Every structure is written in structure tokens, then in C-alpha cells.
Amino acid sequence: MSASFAILAALVVVSAIAAMTLRNLVHCALCLAVTFIGLAGTYLQLGAQFVGLAQVLVYVGAVAILIVFAILLTRSGEPGPGRQFSATALMGVGIALAVFAVLGKVITSSAVAKRPAPPMFDGSKATVAKFGERLMTDYILPLEVLALLLTAAMIGAVIIALREKETK
Amino acid sequence: MNPLTSYLLLSALLFSIGLAGALTRRNAILVLIGIELMLNAANLNFIAFWRYGPNPEALTGVTFVLFAIAIAAAEAAVGLALIISIYRHYKTTNVDDVSTLKG
């Protein structure tokens, strides 16, 4: 396990915990952006340059900003007087811990853990040109469906968030 | 430790943090943030298995992650629009208070 992975993993985990536990929602959104940046670094470390940059572009650039806008529009930036966690918070944390215990047990005891690491994959083989070629040949139908989905989601989001007309 | 195992454990930990947040927080926006964290954990799994899998030249894992990122962006846009709509109606984003359909 390299030092860069340890640093990135610590950054991701600490900022994710902060994003889920802080009281002020704006702080939560900023910690979420830090988590996304750490994950983009992990993708770059694994040799997936294009996905790492897409992660920064989409998540840090769009989703985090969208969440900040939603926090401002719903005026929930300032923490209210009540509790921040639901009444069944202990059960929720217990369920999450149980899920992690099961996943960790399965990961460490699987055959994948004992397999030797393959030789270093040449990152230059995963170029944007290769991606474009694959998207325009093998994955052309999923790409078109996705374009339709994004259009529908955009129109749907606008219609849902439209102010309702005053009924006379 | 095997590098693949460490990436998978990081992803499992991230998934559990997102799950804990989605189950325990009362604000709907934070529930959505928890779901985003879980989606990102799945993406990290895809990338790790692609990198350490038998045939990384096929680029299947990364392509899947690209599609997953696009779908997650659409999900975030619709989810936040719903939260804004709920806020207009109920004047709150607290998921415990939006219980009209509760039996």
C-alpha cells in the first residue's frame, strides 16, 4: 500500500465522515466536494485519467454546486434548534456498521484478496481517443439512451421545481 | 495487503459512511448526499476491478463508470428539484416532518 493511497484514503474517509456529521449544511456540502476531489485523485492513481477528470467536472463542478444552491433555496444552511439526527439514529449506525462488517469480511476472505497484483497497466492505453471510439461504436445505443435520459431529467427537474400557479 | 483489497475496503467504508448518513440525518439534502457517497463507492469498485482485472484493455469498467456518473447527475438534479418542491409545500426539508402518507 503506497503512501499516496494512504493519504487519499484518509482524505476521502475523513471528509466523508465530516460531510455526514457536521451541523451546518454548507460545511457538509464543501466537505462533500473534498470527498469528490479525493476520489478523483484515487481514479487518477488507478490510471483512469478521463474518468478522474469527468469526476471533477461533474461532481465538484456541478453536483456540489447544485447542492449548495438547494441548501440556499431551502434556507436550511443555518442549523435549526432541533436535533440533527433522527430518533432511530443508533439503529441506522448499527445497520451501517453491520453492512461494513459483512463487506469487509467478504472482501478479505475472497479469492480476489489472495490473487497477486497484475503487472502495471499502461495508462496510455486508456486514452480519450479510445474512449470516443468505444462510445461511438460498441456503446452507441446506451449513449443515445443516456442522452434521452439526461434531456428528460432536465425537463423533469425544471417542471418539478417550477413555482405552482396561484389558484384563484 | 493486496492493492485491490485496500481499494475495495476503502470503497466499502465509503459506502457504509454514506449509508449511515442516509439513515440517520433528518435533512433531506443530507440524505441525498449520503446516496451520492454510496454511488461514488460503487464507482470506485468498478474502477478498481477494471484496473486489477484480467482484461483492462477492454475499457468496460471505466465506460460503465462514465454512464453511472451521468445517471447520478440526472438523479441529483431531479432529487434536489423534488426537495425544493417539498420545501415550497411544507416549508421544511426535515424528512421526519413530511409524513402525510404515513399510516
Side-chain angles (χ1 to χ4, degrees), chain A residues 1 5 9 12-13 16-17 19-20 25 28 32 35 39 42-43 46-48 50-51 54-55 58 62-63 66-67 70-71 73-74 76 83-86 89 92-93 95-97 99-100 103-104 107-108 112-113 117-118 121 125-126 130-131 134 139 142 146 149-150 153-154 156-157 160-161, chain B residues 1-10 12-21 23-27 29-30 32-34 36-37 40 43-44 47-48 50-52 54 56-57 59 62-63 65-67 69-78 80-85 87-88 93 95-96:
Chain A
M1 194 163 67
F5 171 75
V12 167
V13 170
I17 291 174
M20 292 280 81
L25 255 74
C28 292
L32 183 74
T35 312
L39 275 169
T42 319
Y43 295 166
L46 281 165
F50 186 63
V51 174
Q55 167 93 3
V58 174
V63 172
L66 202 64
I67 287 173
I71 292 169
L73 281 174
T74 56
S76 46
R83 290 172 296 113
Q84 296 293 303
F85 296 95
S86 64
V93 171
I95 290 171
L97 281 178
V99 167
F100 179 67
L103 284 178
I107 288 167
T108 47
V112 165
F121 174 61
K125 282 178 187 160
K130 271 270 177 65
F131 262 120
R134 296 302 298 275
Y139 297 105
L146 194 66
L149 176 86
L150 277 177
M154 193 177 69
I160 290 169
Chain B
M1 203 184 345
N2 195 325
L4 176 58
T5 316
S6 46
Y7 281 109
L8 294 184
L9 281 177
L10 171 64
L13 191 55
L14 193 62
F15 184 89
S16 308
I17 293 170
L19 182 65
L23 288 178
T24 56
R25 293 305 293 250
R26 296 175 82 206
N27 194 301
I29 295 174
L30 276 161
L32 200 74
I33 289 179
E36 290 290 331
L37 283 181
N40 270 279
N43 284 353
L44 181 59
I47 301 261
W50 162 75
R51 165 66 182 78
Y52 293 106
E57 283 81 13
L59 293 180
V62 258
T63 315
V65 169
L66 271 186
F67 285 113
I69 286 178
I71 289 175
E75 172 255 325
V78 175
L80 290 172
L82 280 173
I83 290 173
I84 289 172
S85 181
Y87 176 77
R88 284 224 187 90
T93 52
V95 285
D96 287 350

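Computed from a predicted structure; not experimentally measured. Quick note on labels: first sequence line is chain A, next is B, and so on, each numbered from 1. The analysis underlying the following values was restricted to heavy atoms, covering all of them including side chains, and did not include hydrogens, waters or symmetry mates.
- Summarising the geometry, atom CG belonging to B:Leu9 is positioned 6.0 Å from atom CZ belonging to A:Phe100; distances are rounded to the nearest 0.5 Å.
- B:Asn40 approaches A:Tyr43 most closely through the heavy-atom pair O-OH, 3.7 Å.
- B:Tyr52 is listed as a side-chain neighbour of A:Leu46, based on a closest heavy-atom distance under 4.5 Å.
- Residue A:Lys130 holds its NZ atom at 11.5 Å from OG1 of B:Thr63, rounded to the nearest 0.5 Å.
- Here the closest heavy-atom approach between residue A:Ala70 and residue B:Leu80 is recorded as CB-CD2, 3.5 Å.
- The minimum heavy-atom distance linking A:Leu150 with B:Ala74 is given by the pair CD2-CB, 3.9 Å.
- Counting all heavy atoms, side chain and backbone alike, B:Leu30 lies closest to A:Met20 at O-CE, 3.6 Å.
- Counting only heavy atoms from C-beta outward, the side chains of A:Phe50 and B:Leu66 approach each other to under 4.5 Å.
- With a 4.5 angstrom heavy-atom cutoff, A:Ile17 touches chain B via backbone and side-chain atoms both.
- Interatomic distance, CD1 of A:Ile107 versus CG of B:Leu8, reported as 5.0 Å (0.5 Å rounding).
- Counting heavy-atom pairs under 4.5 Å between each of B:Ile71, B:Leu19, B:Leu4, B:Ile17 and chain A puts B:Ile17 at the top.
- The side chain to side chain contact (heavy atoms under 4.5 Å, CB included) test with A:Leu39 singles out one residue from B:Ile47, B:Leu37, B:Leu10, B:Leu44, and that residue is B:Leu44.
- By number of non-hydrogen pairs under 4.5 angstrom with chain A, the leading residue of B:Ile83, B:Asn27, B:Val65 is B:Asn27.
- In terms of heavy-atom pairs under 4.5 angstrom with chain B, the leader among A:Leu66, A:Val93, A:Leu149 is A:Leu66.
- A:Ala96 and B:Ser16 make their closest contact through CB-O, 3.5 Å (heavy atoms, listed as atom of the first residue, atom of the second, distance).
- Contacts of B:Arg25 with chain A are made by both backbone and side-chain atoms, with heavy-atom separations under 4.5 Å.
- With a 4.5 angstrom heavy-atom cutoff, B:Tyr7 touches chain A via backbone and side-chain atoms both.
- No other option in B:Val95, B:Asp96, B:Ile33 has as many heavy-atom pairs under 4.5 Å with chain A as B:Ile33.
- To the nearest 0.5 Å, the span separating CD1 on B:Ile29 from CG on A:Leu32 amounts to 12.0 Å.
- Residue B:Leu82 touches chain A through both its backbone and its side chain, counting heavy-atom pairs closer than 4.5 Å.
- The two atoms that bring A:Val63 and B:Ala76 nearest to each other are CG1-CB, 4.2 Å, heavy atoms only.
- Distance CG/A:Leu73 to OH/B:Tyr87: 9.5 Å, rounded to 0.5 Å.
- At a 4.5 Å heavy-atom cutoff, the contact between B:Leu13 and chain A is made by backbone and side-chain atoms alike.
- Looking only at heavy-atom pairs under 4.5 Å with chain B, the residue among A:Gly104, A:Ala153, A:Ala54 that has the most is A:Ala153.
- Using a 4.5 Å cut-off between heavy atoms, A:Val13 contacts chain B through both its backbone and its side chain.
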